[in-house]
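As the structure is a prediction and not an experimental result, all values here were calculated from the model. The chains referred to below are lettered A, B, ... by the order of the sequence lines, with proteins before strands, and numbering in each begins at 1. Atoms considered below: every heavy atom in the structure, side chains included; atoms not considered: hydrogens, waters and symmetry mates.
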Number of protein chains: 2
Amino acid sequence: MKNSNLYKGSIVTILLKLLNEHDKMYGYEITQRVFEITNGELKLTEGALYPALHKLEDQDLVEVEIVKIGKRIRKYYRLTEAGTKETVKKLAELESYMKNMRALINPKFREKLH
Amino acid sequence: MKNSNLYKGSIVTILLKLLNEHDKMYGYEITQRVFEITNGELKLTEGALYPALHKLEDQDLVEVEIVKIGKRIRKYYRLTEAGTKETVKKLAELESYMKNMRALINPKFREKLH
DNA sequence: ATATAATACATAATTTATTTATGCATTTGA
DNA sequence: TCAAATGCATAAATAAATTATGTATTATAT
């Protein structure tokens, strides 16, 4: 699948929001949820997903719990407190982005500050 | 100004839409319009803008008219036919992106395909 | 008069995120 | 029993944007 260029820069927001909603999730599960929610329109690739999760971990925005399922491992990710704060920030940024893009593409949505 | 990561990948869409609306514009003018429309929240930098315009020109999505204003030059950009088609495509991609992001961040916006 | 800000273009080096291409191993289902 | 799905991972290459410059003209404020 070829995702649109527009998703560049959105992965962290998506990850944080899903973790905020689900309490704990593992990587593969996240790719599936994203695929479902977007009706197959967005496919997170592993090459983007895992480095992004690792970076969130390095930044202490998520913490990891390793669980063995038979002989296979799962790494569950859970938001830290800092991660929850960052989620709020990222969601506000997304709202701002969408408002501005809406104004840029639709003159009817333009409004001056009073 | 520090723009959000989310704008990465959106510049071409913004340029095409503004050119679609204004018939012809020059670079500096575009930065000003974007700044105004977003109430100062998005500042296109020259380092992003000019290479993007040059790339659109290489792809024959825009054509250029050079105008001298006194001793200074302006390069007006205008959509080609291919550029107009590409604009439609990019706007559809943006709508799809926003729909999917909306669904990802707000469970109420999720809907299964019938 | 003169300095500063605004107008107007440009590019090169660096950074960063993502894509593409792999790799390995286990488990499920056809 | 073979393919697909599950589940992790990383490395090289690509592409977009940031940061840092550069040049020159014109307008404005002191």
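- Of the charged side-chain nitrogens involved, none lies within less than 4.0 Å of a carboxylate oxygen, so that B:Glu95 and B:Lys90 do not count as a salt-bridged pair.
- For the pair B:Lys43 NZ and D:dA17 P, the computed distance is 16 Å after rounding to whole Å.
- A straight line from OH of A:Tyr7 to P of C:dT16 spans 26 Å, rounded to a whole angstrom.
- Taking CG of A:Leu16 as the reference point, atom CD1 of B:Ile105 lies at 12.5 Å (rounded to 0.5 Å).
- Backbone-only contact: B:Gly27 has heavy atoms under 4.0 Å from sugar-phosphate atoms and none from a base.
- Checking D:dT19, D:dG7, C:dT11 against every side-chain atom of B:Thr45, the shortest atom distance belongs to D:dT19.
- Side-chain nitrogen and oxygen atoms of A:Gln32 include at least one within less than 4.0 Å of the OP1 or OP2 phosphate oxygen of D:dT6.
- Across all strands shown, B:Glu46 has heavy atoms under 4.0 Å from base atoms, whether or not it also approaches the sugar-phosphate.
- Counting distance only, with no hydrogens placed and no angle test, the side-chain atoms of B:Arg72 and the base atoms of C:dT7 include a donor-acceptor pair under 3.5 Å.
- Proximity of B:Tyr50 to the phosphate of C:dC9: a side-chain N or O atom is located under 4.0 Å from OP1 or OP2.
- Judged purely by atom type and a 3.5 angstrom limit, A:Ser96 has no side-chain atom pairing as donor or acceptor with the backbone of A:Ala92.
- Taking the side chain of A:Lys55 as heavy atoms from C-beta on, and the options D:dT19, C:dA17, D:dC8, the nearest nucleotide is C:dA17.
- Checked by atom type, the side-chain pair B:Ser10/B:Tyr97 shows no donor-acceptor distance below 3.5 Å.
- Ranking C:dT18, C:dT27, D:dC8 by closeness to the A:Lys71 side chain, first place goes to C:dT27.
- No side-chain N or O of B:Arg78 forms a donor-acceptor pair with one of B:Tyr76 less than 3.5 Å apart.
- Between B:Tyr26 and C:dA8 there is a side-chain polar atom (N or O) within less than 4.0 angstrom of OP1 or OP2.
- What separates CG of A:Leu44 from P of C:dT18 is a distance of 10 Å, to the nearest Å.
- When distances are taken from the side chain of B:Lys8 to each of D:dA9, C:dT18, D:dA17, the shortest belongs to D:dA17.
- Taking atom CG of residue A:Leu49 and atom C1' of nucleotide D:dA9, one finds them 11 Å apart after rounding to whole Å.
- Of all heavy-atom pairs between B:Leu79 and B:Asn20, the closest is CD1-CA, 3.6 Å.
- For B:His54, a side-chain nitrogen or oxygen approaches OP1 or OP2 of C:dT11 to under 4.0 Å.
- In this structure, CG of B:Leu15 is placed 13 Å from C1' of D:dA16, rounded to the nearest angstrom.
- Distance A:Leu6 CG to C:dA17 P: 18 Å, rounded to the nearest Å.
- Distance, B:Tyr28 OH to D:dA24 C1': 14 Å, rounded to whole Å.
- The side chain of B:Lys75 contributes an N or O atom lying less than 4.0 Å from OP1 or OP2 of C:dA10.
- Between B:Ile69 and A:Asn5, the residue anchored closer to the 5' end of DNA chain D is A:Asn5, taking for each the nucleotide with the nearest heavy atom.
- Between the CG atom of A:Asn3 and the C1' atom of C:dT19 there is a distance of 10 Å, given to the nearest Å.
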